[in-house]
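In each ligand, atom 1 is the first atom listed, and ligand 1 is the first ligand listed. What you are looking at is a predicted structure, and each value in this text was computed from that prediction instead of being measured. Numbering of residues begins at 1 and proceeds along the displayed sequence. What's counted below: heavy atoms across the whole structure, side chains too, no hydrogens, waters or symmetry copies.
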Amino acid sequence: MPRTTRMLRHMTGAERILEVLLTRRSVSPCRLQPPAPNPDELDGILQAGLRAPDHGGLHPWRVIEFRPQNREALARCFEQEKLRRDPLATPADLKKAREHATRPPLLLGFVVSPRERSKIPAREQWLSAGAALGNMLSAAHQLGYGAIVLSGERCFDETLARQVGVLPGEYLAGFISVGSIKETPPAARELLSQSVWSCWQGSDALPPGQPILPSERMPGS
Ligand SMILES: Cc1cc2nc3c(=O)[nH]c(=O)nc-3n(C[C@H](O)[C@H](O)[C@H](O)COP(=O)(O)O)c2cc1C
């Protein structure tokens with residue numbers, strides 16, 4: 001039984017709140033179907049983004065919603081971008097590019113907008129934006145929807161960025177797809193807390209890579 005499932009079985013009361021975070025996983029657009037979140041739910045997702053830790057309260061990010069009536073135009077932009085990158089793209093390649101625009105029930109462009117003249121370092125602004133993105137994906141999951149963020153080469157294309165309204169100095173970090181789950185994705189890979197954990201041993205600490213002694217193991221392992 002996966003460790004996360006084991007942990008959830010033993011969770012009670014307040015610990016259950018973690019369940020949303022522990023069970024979130026990305027759901028690819030081909031596994032999504034309508035209905036999309038309604039406007040109130042979308043507002044909740046954005047509010048969750050705005051609750052992310054944010055040094056200076058800059059919210060250095062924004063989203064661009066691509067509504068159904070504009071998806072065909074977006075699909076043409078994706079198709080053109082694919083042809084700029086690969087003039088020999090096949091009809092199948094172009095169809096795939098178009099589907100990235102037409103398939104998701106809800107499609108949001110996630111734009112990082114670092115404030116250049118702020119005293120908050122750029123790296124902290126990027127972290128805030130990433131935290132907001134994570135909150136939004138978790139909020140969508142909590143509402144019962146599937147969601148994923150995908151960038152791909154198209155997000156690095158200046159022409160496409162301008163076409164969708166990304167301003168100079170901003171970055172199109174990815175496209176967030178959200179919808180009802182048509183097909184459950186494959187089981188998530190089990191991740192161990194120890195892969196991201198260490199415990200400082202004082203300034204005479206051993207160099208990185210030194211094995212952690214049993215007495216220094218993280219709690220819960
Ligand atoms: C900004 C950003 C862009 C991403 N772009 C892609 C992408 O283009 N293609 C892809 O396969 N995964 C991409 N990912 C990763 C997926 O969104 C997803 O996190 C990954 O498949 C792991 O799945 P999980 O979220 O269920 O752990 C991106 C993630 C982020 C944060």
Side-chain angles (χ1 to χ4, degrees), residues 2-5 7-8 18-32 36-37 45-46 48-50 52-54 59-66 74-75 77-79 81-82 84-86 89 93-114 122-158 160-161 164 166 170-196:
R3 182 182 152 84
T4 311
T5 316
M7 255 169 70
L8 289 172
L18 275 178
E19 188 173 345
V20 170
L21 298 175
L22 296 180
T23 57
R24 186 210 65 80
R25 53 206 290 218
S26 297
V27 184
S28 100
C30 62
R31 293 193 165 94
L32 298 176
I45 290 169
L46 296 175
L50 289 166
D54 182 5
H59 52 87
W61 56 274
R62 64 188 181 92
V63 298
I64 302 168
E65 182 180 357
F66 299 97
L74 184 66
C77 293
F78 280 15
E79 202 176 27
E81 185 280 329
K82 178 69 186 168
R84 276 194 293 281
R85 196 159 26 98
D86 179 7
D93 294 333
L94 297 178
K95 180 170 176 275
K96 204 169 156 195
R98 293 176 58 82
E99 282 172 354
H100 279 284
T102 55
R103 190 175 257 164
L106 170 69
L107 185 63
L108 304 171
F110 185 77
V111 179
V112 179
S113 265
R123 67 181 196 172
E124 296 184 16
Q125 297 192 41
W126 277 89
L127 283 170
S128 293
L133 180 61
N135 271 13
M136 287 194 279
L137 295 175
S138 289
H141 172 58
Q142 181 156 27
L143 289 168
Y145 293 101
I148 189 167
V149 54
L150 297 172
S151 52
E153 296 289 325
R154 70 178 61 84
C155 285
F156 299 86
D157 185 89
E158 288 284 323
L160 179 73
V164 300
V166 175
E170 293 188 320
Y171 301 85
L172 180 56
F175 288 90
I176 308 173
S177 299
V178 192
S180 303
I181 300 174
K182 175 169 68 177
E183 189 189 323
T184 309
R189 197 161 50 95
E190 191 173 350
L191 302 170
L192 297 175
S193 316
Q194 253 162 329
S195 63
V196 293

Heavy atoms of other groups near Glu170 CD, more than 12 under 6.0 Å:
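More than 12 within 6.0 Å, yes.
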
Mind checking whether Phe175 and Ser151 have side chains closer than 4.5 Å, heavy atoms only?
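No, every pair of side-chain atoms sits at 4.5 Å or beyond.
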
*Are Pro37 and Ile45 side-chain neighbours, meaning at least one heavy-atom pair lies under 4.5 Å?*
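Yes, close enough: below the 4.5 Å cut-off.
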
| query | Can you name the residues that come within less than 4.0 Å of ligand 1, going by heavy atoms only? | reply |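 Heavy-atom contacts below 4.0 Å: Arg24, Arg25, Ser26, Ile148, Val149, Leu150, Ser151, Gly152, Ala173.
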
- request: Please report the C-alpha distance between Glu19 and Leu22 in whole Å, then the side-chain angles of each, then the deciding distance to 0.1 Å, and finally whether the side chain to side chain contact (heavy atoms under 4.5 Å, CB included) criterion is met.
  value: CA-CA 5 Å; Glu19 188 173 345; Leu22 296 180; 5.7 Å; no

Side chain to side chain contact (heavy atoms under 4.5 Å, CB included) evaluation trace for Ile148 with Arg31:
CA-CA 10 Å; Ile148 189 167; Arg31 293 193 165 94; over 6 Å; no

Please determine whether a side-chain nitrogen of the Lys or Arg among Arg84 and Asp157 lies less than 4.0 Å from a carboxylate oxygen of the Asp or Glu.
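The answer is yes: the pair qualifies as a salt bridge.
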
